[in-house]
Amino acid sequence: MTLDRRLNAFRPDLAEASLRGKVEAERFVEGTRAQVVVPVVALRPQPDLARGIDTELLLGEDVTVFERKDGWAWVKAVSDGYVGYLPEETIKEGLAAPTHIVVPQRTFLYPEPELRKPHTGVLSMGSRVRVTGTAEARGNHYVVLEDGTAIFAKHVQPIGYNDGSDYVEIAAKFMETPYLWGGRSGLGVDCSSLIQLALLMTGRAAPRDSDMQSAGLGEPIAREELKRGDFVFWKGHAAVMEDADTIIHANGHTMTVARENFAAAVERIGWLYEYPTGYRRLSD
């Protein structure tokens with residue numbers, strides 16, 4: 001059986017220790033834990049900035065590092081197991097665990113608790129930060145991070161927080177966000193990352209890519225059973241049902257996250273590619 005390189009770290013010279021006996025490699029390593037220290041970073045299949053991206057990692061996410069070489073790090077994301085290369089300077093070891101997660105689609109990072117100061121960064125929904133204090137200025141409440149930077153207090157919640165919203169509501173918050181192949185942030189998403197992020201914010205884990213989701217997300221159902229919250233999969237594409245007649249999906253047709261009549265989408269996509277390969281539902 002051929003192992004999926006997206007979820008298994010192996011090369012002829014090096015492999016993750018859990019693959020010992022399953023693959024051949026000169027060395028096997030356990031790897032070391034590190035944390036993403038930039039707002040968003042692309043994960044690539046090769047250590048080459050000219051290569052397209054597979055996915056993105058967000059500030060505060062953990063990775064297992066197998067190798068650092070020539071300015072690149074070969075890593076595996078702890079959240080979904082995705083393997084790839086990212087610039088070495090975008091991760092750091094030995095950091096304390098984050099305490100809070102960003103909850104709106106995007107928020108700004110300020111050099112201090114003052115909204116009139118030029119922002120120093122843009123953080124996506126799902127970014128993780130370590131809060132060390134609070135502050136108030138001009139009637140606005142902020143959380144303060146270890147380096148003194150600040151975020152609007154309403155824009156973060158303790159890690160593990162769930163406001164009761166369903167994941168369809170979360171997906172809808174991304175409406176008109178640009179489509180970005182491999183994107184996984186409030187600045188740009190693809191079809192499967194939209195689903196993954198929406199589920200993440202309601203405390204559910206999901207595989208990264210649409211083929212992984214179609215094989216293991218929830219249970220299969222029939223087309224005539226579709227209702228709000230169910231998932232539709234095509235070869236290379238995924239959508240979530242907003243209701244029995246409407247899907248929300250990040251797509252290359254509008255190049256945005258958009259609502260579309262489900263029956264019309266099936267015909268439009270089927271004419272160019274193929275018809276849906278399956279439908280799935282999460283258990284309650």
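Residues take their numbers from the sequence shown, with the count starting at 1.
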| Is a side-chain N or O of R204 found less than 3.5 angstrom from the main chain of L199, in a donor-acceptor match? | no
| query | Which atom names give the shortest non-hydrogen contact between P113 and A137, and what distance separates them? | reply | O-CB, 3.1 Å
| query | Any sub-3.5 Å donor-acceptor pair from Y167's side-chain atoms to G229's backbone N or O? | reply | yes
| task | Determine whether Y82 and I53 fall in the same hydrophobic cluster, where Ile, Leu, Val, Met, Phe, Trp and Tyr are linked whenever their side-chain heavy atoms lie under 4.5 Å apart. | result | no
| note | Smallest heavy-atom separation, A198 atom then A171 atom, equals CB-N, 3.9 Å
| request: Could you check if a side-chain atom of L58 sits within less than 4.5 angstrom of a side-chain atom of S185, using non-hydrogen atoms only? | output: yes
| request: Report yes if some heavy atom in the side chain of R184 is under 4.5 Å from a heavy atom in the side chain of S124; otherwise report no. | output: no
| Just checking, R44 and W72: is the charged tip under 6.0 Å from the six-membered ring centre and within 45° of the axis? | no
| task | Could you tell me whether the side chain of V65 reaches within less than 4.5 Å of the side chain of W74, counting heavy atoms only? | result | no
| query | Do the rings of F152 and Y142 sit parallel, tilted or perpendicular, given the 30° and 60° boundaries? | reply | parallel
| message | Let me check something: do L123 and V103 share a hydrophobic cluster, defined by ILVMFWY side-chain heavy atoms less than 4.5 Å apart, either directly or through other members? | response | no
| D147 CG to L109 CG distance, which is reported to the nearest 0.5 Å | 7.0 Å
| Spacing of NE2 belonging to H100 relative to CZ belonging to R128, to within rounding of 0.5 Å | 13.5 Å
| request: Would you indicate whether the side-chain heavy atoms of T55 and S193 approach each other to under 4.5 Å? | output: no
| Can you check side chain to side chain contact (heavy atoms under 4.5 Å, CB included) on R280 and Q213, steps first, answer last? | CA-CA 9 Å; R280 299 185 76 92; Q213 294 173 357; over 6 Å; no
| field | Verdict with supporting geometry, L197 and I170, side chain to side chain contact (heavy atoms under 4.5 Å, CB included) | value | CA-CA 8 Å; L197 281 171; I170 303 297; over 6 Å; no
| Is it true that E93 and R68 make a salt bridge, defined as a side-chain N closer than 4.0 Å to a carboxylate O? | yes
| Within one Ile-Leu-Val-Met-Phe-Trp-Tyr cluster: V78 and L86, side-chain cutoff 4.5 Å | no
| task | Compare every heavy atom of G31 with every heavy atom of T64, then report the nearest pair and how far apart it is. | result | CG2-CA, 3.9 Å
| How about V37 and I91: do any of their side-chain heavy atoms sit closer than 4.5 Å? | no
| query | For A206, does its backbone N or O pair with a side-chain atom of Q196 as donor and acceptor, under 3.5 Å? | reply | yes
| Any side-chain heavy atom of R228 sitting closer than 4.5 Å to one from D166? | yes
| note | NZ (K22) and CZ (F28) are apart, to the nearest 0.5 Å, by 11.0 Å
| pair W234-V266: side-chain heavy atoms closer than 4.5 Å | yes
| So, do Y279 and F233 have ring centers that fall under 6.0 Å from each other? | no
| Check: K76 side chain, N8 main-chain N or O, donor-acceptor pair, under 3.5 Å | no
| field | CA sep, side-chain torsions, deciding dist, call: R51, Y85, side chain to side chain contact (heavy atoms under 4.5 Å, CB included) | value | CA-CA 11 Å; R51 290 293 299 265; Y85 295 85; over 6 Å; no
| task | Any chance you could lay out the side chain to side chain contact (heavy atoms under 4.5 Å, CB included) test for T99 and V156, step after step, and finish with the verdict? | result | CA-CA 10 Å; T99 60; V156 299; over 6 Å; no
| Whether over 12 other heavy atoms sit under 6.0 Å from R27 CZ | no
| request: Determine, step by step, whether D209 and R6 satisfy the salt bridge (Lys or Arg N to Asp or Glu O under 4.0 Å) criterion, reporting the C-alpha distance in whole Å, the side-chain angles of both residues, the deciding distance to 0.1 Å, and the verdict. | output: CA-CA 10 Å; D209 290 343; R6 297 171 297 176; 2.9 Å; yes
| Transitive ILVMFWY side-chain link V129 to I101, under 4.5 Å | no
| task | Measure the CD-CD1 distance between E260 and I269 for me, rounded to the nearest 0.5 Å. | result | 6.0 Å
| said: With a 4.0 Å cut-off on N to O distance, would you call R208 and D190 a salt bridge? | reply: yes
| field | Atom of G84, atom of L43 and distance for their closest heavy-atom approach | value | C-CD1, 3.6 Å
| Y179, V189: one ILVMFWY side-chain cluster at the under-4.5 Å cut-off? | no
| query | Just by distance, do the side chain of E16 and the backbone of A9 share a donor-acceptor pair under 3.5 Å? | reply | yes
| request: Taking R11 for its side chain and A25 for its backbone only, find out whether a donor-acceptor pair lies under 3.5 Å. | output: no
| If you take all heavy atoms of T202 and N162, which pair is closest and at what distance? | O-ND2, 3.2 Å
| query | Heavy atoms, side chains only, cut-off 4.5 Å: are L187 and L180 in contact? | reply | no
| message | Can you confirm whether more than 12 heavy atoms, excluding those of E176, are under 6.0 Å from its CD atom? | response | no
| Which value, rounded to the nearest 0.5 Å, describes the distance between R259 atom CZ and M175 atom CE? | 3.5 Å
| note | Separation between OG1 (T254) and NE2 (H249), nearest 0.5 Å, reads 6.5 Å
| Shortest non-hydrogen contact from G52 to P45? | O-CD, 3.3 Å
